[in-house]
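Report on one structure; see the data block that follows.
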Amino acid sequence: MTLRLYVPIDAGALAVGSGQVAAALQAAAARQNVAVELIRTGSRGLYWLEPMVEAETAAGRVAYGPVAPHDAESLLAALRADGAHKLRLGPTEDIPWLKRQTRLTFARCGVVDPRSLADYRAHGGGKGLERALSLGAPAIVEEVVQSGLRGRGGAGFPTGIKWRTVAQTQSSQKYIVCNADEGDSGTFADRMIMEGDPFVLIEGMAIAGIATGATKGYVYIRSEYPHSAATLEAAIVAARRGGLLGERVGGSSFSFDLEVRVGAGAYVCGEETSLLDSLEGKRGLVRAKPPLPAHKGLFGRPTVINNVLSFASVPIIMDRGGAFYRDFGMGKSRGTMPIQLAGNIKYGGLFETAFGITLGELVDDIGGGTRSGRPVRAVQVGGPLGAYFPRVLFDTPFDYEAFAARDGLIGHGGIVVFDDTVDMAKQARFAMEFCAIESCGKCTPCRVGSTRGMEVIDRIIRGEDRAANTVLLEDLCNTLKLGSLCALGGFTPYPVMSALTHFPEDFGAPPRLQAAE
Ligand SMILES: Cc1cc2nc3c(=O)[nH]c(=O)nc-3n(C[C@H](O)[C@H](O)[C@H](O)COP(=O)(O)O)c2cc1C
Ligand code: SF4
């Protein structure tokens, strides 16, 4: 009998030793003289349980974790007997943290071998493309519009509308660009897709090509993601061989091919126009809009640029229909959001769920509070340009508009948790410093204002003329907000002002009354 085991090979799992665990399992198998088939998958996203090993049983997969190399011998012996082991977590799908999720985009992540097109197809992959080809270009676009899908990279712009603009623009060459720069603090969902289910991204991009008349695509991956680039490269080769890419996509008359490009490491290169400059081989500098990339993007041609998660959500929309997807969520935030719980949190990882869940449920209930065991004081949602929310705002539902109404943003869905040892004045200064370091330098409010902002916050921290300097900081933030060319300068005021508004005591002012605003 051959034991079939699944061990993640995604960067998050590798970082905590899944490579050593895989090697130890193989060595133990040789010693115990058992035949083992070891399949390397992506991660399920329950990172506190990594390295998590799954074993195939007659009743489905059973999970064990976190497994250390020295557990390999006893684990293998247990698997040959009744499966009882101190690290046994039970049937994987029944782990409450996983069971509570609605995995649409991440349905196959951690389940399949990311380099096997056959495995992808065996788990329902490719059906979205099949249906897309039967619909034809205009109907694909309308289905994406109907789904209510909004860009998952941060700005939340309706994906279908963007595709429609490119589809309606005349050009002999159009491009599909995937933004895999994933620069936001506490985010890793793009990486998980690229390392756990890369074919879903390839399929989504191919559908975008067919819908808009683009024949060539690029995936721009941050340089810190070498595993993602390697997995995606391998998947592209397999996709070409299997007819998912190339001259006749899915056996149709459409042609579409993809290339991977690796960035050089700048947060601003995640901004779409700066990314396009970088992709063209130039320094990543933000372009003034208009023209929109949809009209004049890569090499001056009409370009769809979307985040990894936006493209990866398209196959299921095509397969199950726009109405199915739209049924999840609240208000104008439709479908599911892969939320990433990070920072000082007990249960950190990827939690995909319909929009509408509250911040408090995510942090206290699903995340289990802080890893340090101390009270949660603040959470930053939406990356380094997102606002810090105190506990009184934990009733905010995860929804683009609800966050905006409270001067926050959900961005790429990252939540970074801080306990009561955090100094919010230092966090505000850090936001200004981040902006100063990462500024592309094109416009004055961001290039100069961020450095002046650091100086003003330093004076407030030192207690120098606090009242006057606080007014100056507010004024500077307004200038950044209204006068910056892109959201790096334009949104830096969110973390700064939210820290000042909700945690004034850290800036030497009287504490704010703790009533819900
Ligand atoms: C400074 C800055 C950094 C950004 N970084 C990213 C990023 O890493 N990944 C991403 O998808 N979008 C990022 N964006 C948003 C992109 O400009 C753009 O809105 C997005 O790629 C569009 O795709 P979507 O509609 O699918 O979200 C960033 C924006 C700014 C202003
Ligand atoms: S706001 Fe900053 S990053 Fe954006 S264009 Fe201006 S200088 Fe560049």
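First listed ligand is number 1; within each ligand, the first listed atom is number 1.
A donor and an acceptor atom, one from each side chain of D190 and Y225, are nowhere located under 3.5 Å apart. Using a 3.5 Å distance cut-off with no hydrogens or angles, the side chains of E50 and S18 do not pair a donor with an acceptor.
A cation-pi arrangement is absent between R301 and F299 under the rule of less than 6.0 angstrom and at most 45 degrees off the ring axis. Seen from the ring of F355, R334 does not count as a face-on cation partner, given the 6.0 Å and 45° thresholds.
Aromatic rings from F403 and F389 are positioned such that their centres are separated by under 6.0 Å.
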Close N/O pairs between ligand 1 and protein, under 3.5 Å:
from: ligand 1; atom 1: 5 (N); to: G270; atom 2: O; distance (Å): 3.4
from: ligand 1; atom 1: 8 (O); to: E182; atom 2: N; distance (Å): 3.1
from: ligand 1; atom 1: 8 (O); to: G183; atom 2: N; distance (Å): 3.1
from: ligand 1; atom 1: 9 (N); to: N179; atom 2: OD1; distance (Å): 3.2
from: ligand 1; atom 1: 11 (O); to: N179; atom 2: ND2; distance (Å): 3.4
from: ligand 1; atom 1: 11 (O); to: N307; atom 2: ND2; distance (Å): 2.8
from: ligand 1; atom 1: 12 (N); to: N179; atom 2: ND2; distance (Å): 3.1
from: ligand 1; atom 1: 14 (N); to: G270; atom 2: O; distance (Å): 3.3
from: ligand 1; atom 1: 17 (O); to: E272; atom 2: N; distance (Å): 2.9
from: ligand 1; atom 1: 21 (O); to: N179; atom 2: ND2; distance (Å): 2.9
from: ligand 1; atom 1: 23 (O); to: N307; atom 2: N; distance (Å): 3.3
from: ligand 1; atom 1: 25 (O); to: K162; atom 2: NZ; distance (Å): 3.1
from: ligand 1; atom 1: 25 (O); to: N306; atom 2: ND2; distance (Å): 3.3
from: ligand 1; atom 1: 26 (O); to: N306; atom 2: ND2; distance (Å): 2.8
from: ligand 1; atom 1: 26 (O); to: N307; atom 2: N; distance (Å): 2.8
from: ligand 1; atom 1: 26 (O); to: S310; atom 2: OG; distance (Å): 2.6
from: ligand 1; atom 1: 27 (O); to: R152; atom 2: N; distance (Å): 3.4
from: ligand 1; atom 1: 27 (O); to: G153; atom 2: N; distance (Å): 2.7

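Using cut-offs of 30° and 60° on the angle between ring planes, the pair F434 and F430 is tilted. Note on ring orientation: taking the six-membered ring where Trp is involved, the planes of Y175 and Y218 are tilted (angle from 30° to 60°).
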**Message:** Walk me through whether D506 and R377 qualify under side-chain contact (heavy atoms from CB on, under 4.5 Å).
**Reply:** CA-CA 12 Å; D506 287 15; R377 181 152 186 248; 2.9 Å; yes
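In this structure, R452 pairs ionically with E455, as a charged nitrogen and a carboxylate oxygen lie closer than 4.0 Å.
Only protein N, O or S atoms were scored, and 1 of them lie under 2.8 Å from atom 2 (Fe) of ligand 2.
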